[in-house]
Structure formats: C-alpha cells, structure tokens
Amino acid sequence: MQLTETHRPTLDRALEAIRSRAYWSPHPEHPKAYGETGAADGLAAYQALLGSRFELDQPGTDGWTGAEVSPYGPELGVEYPHPDLDVLLPAMRAGMAAWRDAGPETRALVCLEILSRISARTHEFAHAVMHTSGQAFMMALQAGGPHAQDRGMEAVAYAYEEQTRTPQGVDWSKPQGKRDPLELRKVFTAAPRGIALLIGCNTFPTWNGYPGLFASLATGNPVLVKPHPRAILPLAMTVRIAREVLGEAGFDPNLVALAAERPGEGIAKTLALRPEIKIIDYTGSTEFGDWLEEHARQAQVYTEKAGVNTVVIDSTDDYKGMLSNLAFSLSLYSGQMCTTPQNLLIPRDGITTDAGPKSYDEVVADLAASVSGLLGDDGRANALLGALVNPEVKSRLEAAAGLGEVALPSREVANPEFPDAAVRTPVIVKLDGAKPDDEAAFMSECFGPVSFAVAVDSTSDALDLLRRTVRDRGAMTVGAYTTSANTERAIEEVCLEESAQLSLNLTGGVYVNQTAAFSDFHGSGGNPAANAALCDGAFVSNRFRMVEIRRQA
C-alpha cells in the first residue's frame with residue numbers, strides 16, 4: 001500500500017490545522033461531492049445490508065444477534081457475530097507487538113486509509129446512521145459522515161503529535177572532565193496500554209465513536225467496538241473497513257473487532273471489568289459513566305455523560321437574530337444532542353434589545369413564535385427534527401408539559417415517507433428560578449426536545465445559577481447574549497473557572513450545539529458532563545506510555 005504518498009500530505013495538513021485552529025476539512029459536506037451516482041449507490045449498498053448476516057470473519061463467534069429497528073419504523077433485520085470473549089480478546093492481543101513496532105507514522109497513515117475508505121462510502125453510512133439514530137438524512141450524512149470523519153482524523157493527528165514529541169532514539173553523552181564521557185544509546189517507544197473498549201451511543205454512533213476508536217488505534221492499541229444495541233450497523237461497517245485495511249497493510253485484522261450483544265445481555269459491564277481492557281471510551285448516561293469511572297479501575301476511562309446546558313439572556317443588539325439562532329438550536333435533531341440548550345435564564349424584569357425593551361413574557365412568547373415559524377411547514381420540520389430516537393425521549397417530552405406553564409406546546413408532525421416515525425416539535429415550559437419545585441425540574445437533564453424558560457431576579461442571579469449548574473450538573477455548552485462588556489467578562493469568568501465551553505452572541509449560521517473538528521473543543525473534561533475533551537492532547541497522551549531502553553554505547 002502506498003500509504004506515505006497517499007496520506008502523508010493529509011496528515012501534515014491535519015497537524016497544521018490542530019495548531020492553527022483554522023477551518024479545514026478534507027471531507028466534503030455536500031451530497032453531490034461523492035459523484036453523480038454516489039447517492040443511488042449508497043442507498044443500494046445500505047439496502048443490500050438489510051435482512052442479512054453481517055460477516056466479519058473474526059475469531060470467537062459463538063452465535064448471531066441483532067434487533068435494530070429504525071426510529072422511522074422499519075426493522076433492519078441485520079444479524080451480527082456475537083463474541084466469545086475468552087477467544088476474541090486473546091486473538092486481539094496477538095497482533096499488538098507488530099502494530100506497536102510499526103511506529104506512530106505508519107499507524108497514523110493506516111488510520112487515514114481507513115477514514116478515506118469510510119469517506120468514499122459516506123452516502124451508505126448516512127442511511128445507516130439515519131435509520132439507527134433517527135437523524136434526518138442530511139444531518140446523518142453530514143454529522144454521521146464528514147463531521148465524524150473529521151473528528152476521527154483530528155484524533156489521529158493528536159495521537160501522532162503526542163507520540164512524536166519524544167525522539168525515537170538518541171546518543172547520550174555526559175562529559176566527565178578529564179575522564180572519558182559517559183555514553184549511552186537510548187531508544188524510546190510509544191508502548192500501547194492494551195485493548196481499548198469503545199462503548200457506542202445511540203444518537204451519534206460515528207461522531208461520538210470515531211475520536212476514541214482512532215485515538216486508541218493510532219497509539220497502538222487494539223480496539224473492541226461495543227455498539228449501542230439500537231445502533232450497531234454504522235460501527236459494524238466501520239469495523240469491517242478497518243479490518244480490511246489492516247489486513248491489506250500487513251497487520252492483524254483482529255486489532256479491530258466488534259462485540260454485538262444479545263438483548264438485555266449488558267455486555268458493556270462485563271467487558272469493562274475484564275483485565276485485558278485497559279482503555280474505555282463511553283458516551284451516554286451519567287449513571288453508567290459514573291459506574292465506569294468508579295469500578296473499571298484497571299482502565300483509563302474517558303466519558304462523555306449528561307449535562308444541563310444553559311443560555312444566559314441579558315441583552316442583545318440583534319433580537320431577531322438571537323431568536324432565530326436559538327429556535328434552530330432548540331429544534332435541530334429534536335434536541336437530542338448533548339450540546340442542545342435546555343435552560344434559558346431570563347431576568348423577570350426583561351431585557352434590552354435593538355427592538356426596544358422586552359419583558360420576560362415577551363421574550364418567551366417571541367421565542368415560541370420563532371420556533372413555530374421555523375417548524376410551521378411539515379417538510380421543513382421533518383428535515384430539521386428527524387425522529388425521536390426511542391420511547392424514553394417521547395415519555396420525557398410528554399411529562400415536561402406538566403412541570404409548569406407551557407409557552408410552546410409540542411405538536412406531532414406527520415412524515416409521509418415514514419408514517420411510523422415519532423416526530424415531535426419542541427416544548428418550551430416557563431419555570432421560576434426562585435421556586436424549589438421548579439429548580440428540581442430544570443436542574444436535571446431532560447434529554448430531548450424540552451427547554452425551560454427560567455425567570456431569574458437579575459443577570460447576576462443568572463450567573464450564580466449558571467455557575468451552580470455547571471459545577472453540580474455539568475454542561476457541554478454554555479451560551480450567552482449581552483451587550484454589556486462587564487457582563488460579558490463576568491460570564492467568561494464563570495466559564496473559565498468552571499471549565500465550560502462558551503458561545504457568545506451567536507445570531508448567524510453558527511449554533512451553540514455545533515462544533516467544528518480541528519478548531520472547537522467538544523466538552524472540556526473539567527466539569528461533571530465529561531472527563532475528557534474531543535479532542536486535545538490529554539485525550540490521547542495517556543493511551544500509551546513512553547518506554548525507554550538504554551544500552552551502553
């Protein structure tokens with residue numbers, strides 16, 4: 001394989017991007033960028049997978065499993081190999097030495113070849129992501145395709161950067177005055193920790209899965225992929241491609257393997273405590289993330305859990321733009337993003353705007369009207385909302401209406417193409433920040449299309465509540481709107497002290513719940529929502545240890 005000629009320029013460009021933080025992506029977002037027949041070919045390839053066995057030729061298969069049902073209605077009917085862990089895990093370790101000895105550059109280039117082949121099948125992946133996550137097709141294509149691939153490449157770049165900080169070898173000489181110098185030959189090797197376990201999530205199987213997968217693989221570790229039982233297909237496709245590339249490059253394909261579980265089996269807990277598992281990447285509920293951090297003591301554990309994302313609304317010089325931006329943020333993928341705002345903190349005496357002073361009630365009513373206008377057409381609503389990913393989200397949405405005064409009721413949207421899809425617009429509920437019962441509601445994450453317009457006594461009180469929310473509950477994102485330089489500095493100080501990523505005065509086409517690979521950090525690792533950031537040096541540097549071998553010269 002001509003890996004250096006093909007992929008070294010891309011690696012160099014990725015390394016430049018993580019240093020400059022400027023916009024860059026080698027993976028096109030536009031559907032037409034994949035050729036005239038790309039869309040049709042991708043759909044046909046996806047459909048060919050349905051109702052079949054997904055062969056991987058990995059050791060230790062003791063049966064077949066899989067019961068995925070699309071949030072849009074159809075059963076996928078795909079069966080995946082179920083692993084005998086006592087056979088599969090030793091087989092995964094067998095190729096570690098050769099993969100380690102290949103060195104950081106070769107590993108990085110192999111990873112880029114895997115990503116290149118995934119990219120070429122972006123349309124196929126889009127359908128797989130759409131029908132396992134409930135994302136609308138365009139979002140599934142972009143977030144599940146190029147944006148996920150960018151995050152994977154970003155992890156490879158950081159992995160290469162961290163492993164090559166130390167030279168591979170050095171001739172060391174210490175002067176001894178009149179005596180001969182002390183001379184040693186020192187060799188430094190990035191030694192992998194062991195098998196990495198990737199525990200996939202339902203909503204963003206590739207976007208959330210690729211950083212950990214490629215960070216571990218690029219640092220020399222085998223990776224066992226344990227998908228969410230409702231979203232196996234996109235990661236199974238990834239595993240198949242990775243195994244093909246590894247084999248063609250002369251490495252053991254078993255460096256990457258799939259662990260699909262039987263219904264109710266709970267294989268993640270079993271795997272997390274296996275002594276062979278030395279690294280764990282997890283995205284999902286706080287409860288299980290906390291369990292992993294407490295009990296998987298033999299492993300380095302990287303978690304992205306739940307948080308309560310907050311927007312402080314103090315004042316704005318673009319009232320219409322603020323409302324439009326927030327309406328889109330609340331609506332995208334039915335609020336089923338770990339970055340979607342939940343709590344909107346608004347002074348009860350109102351705010352100043354370029355359209356004149358607006359009371360709390362007016363701000364909430366105008367935001368509700370903006371969301372209604374955005375989603376008034378069912379076709380546009382379906383393209384933005386996608387489908388509710390599981391019945392639990394629907395239950396939370398329905399229960400939220402009983403928590404307070406409903407400023408914007410949720411409505412059902414018909415999807416003509418998929419009549420069984422559960423499509424719902426967001427609900428906005430008015431709560432009072434001074435009432436303990438209301439606080440109990442808005443201080444818990446209500447994952448899905450649910451937002452709380454929280455009345456507070458002042459912007460100062462909003463900042464106190466923001467600080468407490470991030471400190472106690474965590475936040476993947478914080479947003480704020482203000483025309484006051486002093487208030488802006490005060491908000492920045494809260495976010496710096498509590499390690500929360502802040503977006504200020506967004507009124508255009510960038511939204512608080514979106515981040516760009518190579519430039520934006522997703523999470524910080526500094527508050528309870530996540531113990532790691534996607535992606536920085538800390539995300540990769542503890543996946544290997546630098547081992548030194550020195551010899552007398």
Side-chain angles (χ1 to χ4, degrees), residues 45-46 48-49 52-66 68 76 78-85 87-89 91-96 99 107 110-122 124-125 127-129 132-133 144-145 148-149 151-152 155-156 195-202 204-218 221-249 251-261 267-268 271 277 279-283:
Y46 164 73
L49 295 172
S52 65
R53 282 192 168 177
F54 198 95
E55 299 282 354
L56 283 174
D57 193 30
Q58 63 183 36
T61 296
D62 61 10
W64 295 85
T65 186
E68 292 158 295
L76 272 60
V78 184
E79 288 189 316
Y80 306 92
H82 180 273
D84 179 340
L85 299 179
V87 177
L88 180 58
L89 292 175
M92 294 185 70
R93 289 186 57 85
M96 276 186 67
W99 186 235
R107 288 196 295 270
V110 170
C111 287
L112 295 196
E113 175 65 20
I114 295 169
L115 284 163
S116 176
R117 296 196 191 183
I118 291 171
S119 176
R121 294 167 60 178
T122 288
E124 181 183 352
F125 271 86
H127 289 285
V129 170
T132 52
S133 71
Q149 296 152 21
R151 282 295 182 194
V156 173
I195 297 175
L197 172 65
L198 170 63
I199 304 174
C201 69
N202 196 171
F204 289 89
T206 55
W207 198 98
N208 278 107
Y210 283 3
L213 191 162
F214 285 100
S216 289
L217 193 61
N221 303 280
V223 182
L224 181 58
V225 178
K226 204 297 292 183
H228 191 284
R230 293 192 184 108
I232 305 171
L233 184 56
L235 290 178
M237 292 163 59
T238 303
V239 168
R240 178 183 276 176
I241 292 171
R243 291 174 62 83
E244 290 171 353
V245 171
L246 286 164
E248 291 174 24
F251 298 101
D252 190 338
N254 296 322
L255 288 165
V256 179
L258 184 75
E261 61 186 317
I267 197 175
L271 279 166
I277 300 299
I279 300 167
I280 298 174
D281 287 278
Y282 168 76
T283 301

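For clarity, every value in this text was computed on a predicted model and none was experimentally measured.
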Subject >> Test applied, side chain to side chain contact (heavy atoms under 4.5 Å, CB included); reference residue, Pro234; option that passes from Pro205, Ser133, Pro227 >> reply: Pro205
Original post:
Rounded to the nearest 0.5 Å, how far does SG of Cys201 lie from CH2 of Trp207?
Top reply: 10.0 Å
Original post:
To the nearest 0.5 Å, what is the distance between CZ (Arg121) and OG (Ser119)?
Top reply: 11.5 Å
Original post:
Looking only at heavy atoms, what is the nearest atom pair of Glu261 and Pro229, with distance?
Top reply: OE2-CD, 3.6 Å
Subject >> Arg240/Glu244 ion pair, N-O < 4.0 Å >> reply: no
**OP:** Applying side chain to side chain contact (heavy atoms under 4.5 Å, CB included), run through Thr283 and Phe204 and close with a yes or a no.
**Re:** CA-CA 9 Å; Thr283 301; Phe204 289 89; over 6 Å; no
Subject >> Shortest non-hydrogen contact from Ala259 toward Leu224 >> reply: CB-CD1, 3.8 Å
Subject >> Side-chain heavy atoms of Ile118 within contact of Phe125, under 4.5 Å >> reply: yes
Original post:
CG of Asn208 to CG of Asn202: how many Å apart, nearest 0.5 Å?
Top reply: 11.0 Å
Subject >> Residues which pass side-chain hydrogen bond (donor to acceptor under 3.5 Å, both in side chains) with Arg243, listed by chain and number, not counting sequence neighbours >> reply: Asn254
Original post:
Can you tell if the side chain of Tyr282 reaches within under 4.5 Å of the side chain of Leu197, non-hydrogen atoms only?
Top reply: no
Original post:
Parallel, tilted or perpendicular for Tyr46 and His127, by the 30°/60° rule?
Top reply: parallel
**OP:** Test side chain to side chain contact (heavy atoms under 4.5 Å, CB included) on Val78 and Ile232 and set out the steps.
**Re:** CA-CA 9 Å; Val78 184; Ile232 305 171; over 6 Å; no
Subject >> Heavy-atom donor-acceptor pair, Glu68 side chain to Thr132 backbone, under 3.5 Å >> reply: no
**OP:** Decide yes or no for Val110 and Trp99: does some side-chain heavy atom of the first lie under 4.5 Å from some side-chain heavy atom of the second?
**Re:** yes
Subject >> Side chains of Met96 and Pro222 in contact at under 4.5 Å (non-hydrogen atoms) >> reply: yes
Subject >> Ile199 side, atom CD1; Leu271 side, atom CG - distance, nearest 0.5 Å >> reply: 7.5 Å
**OP:** Please identify each residue that fulfils side-chain hydrogen bond (donor to acceptor under 3.5 Å, both in side chains) with Arg151, with sequence neighbours left out.
**Re:** Glu154, Thr515
Original post:
Any chance CZ of Arg117 has more than 12 other-residue heavy atoms, nucleotides or ligands included, within less than 6.0 Å?
Top reply: yes
**OP:** For the residue pair Ser216 and Leu198, establish whether any side-chain heavy-atom pair is separated by less than 4.5 Å.
**Re:** no
**OP:** Return the minimal non-hydrogen interatomic distance between Thr61 and Pro81, and the atom names on each side.
**Re:** OG1-CB, 3.5 Å
Subject >> Closest approach of Leu217 to Leu255 (non-hydrogen atoms, all atoms of both residues) >> reply: CD1-O, 4.4 Å
Subject >> Leu213 versus Val225, closest heavy-atom pair with distance >> reply: CD1-CG2, 4.0 Å
**OP:** Over all heavy atoms of both residues, which pair between Leu235 and Gly200 is shortest? Give the atoms and the distance, please.
**Re:** CD1-CA, 4.2 Å
Original post:
Is atom CG of Asp57 surrounded by more than 12 heavy atoms (other residues, nucleotides or ligands) closer than 6.0 Å?
Top reply: no
Subject >> Point-to-point distance, once rounded to the nearest 0.5 Å, from CG of Asp252 to CG of Leu246 >> reply: 8.0 Å
Subject >> Spatial distance of atom OG1 (Thr238) from atom CZ (Phe214) [nearest 0.5 Å] >> reply: 7.0 Å
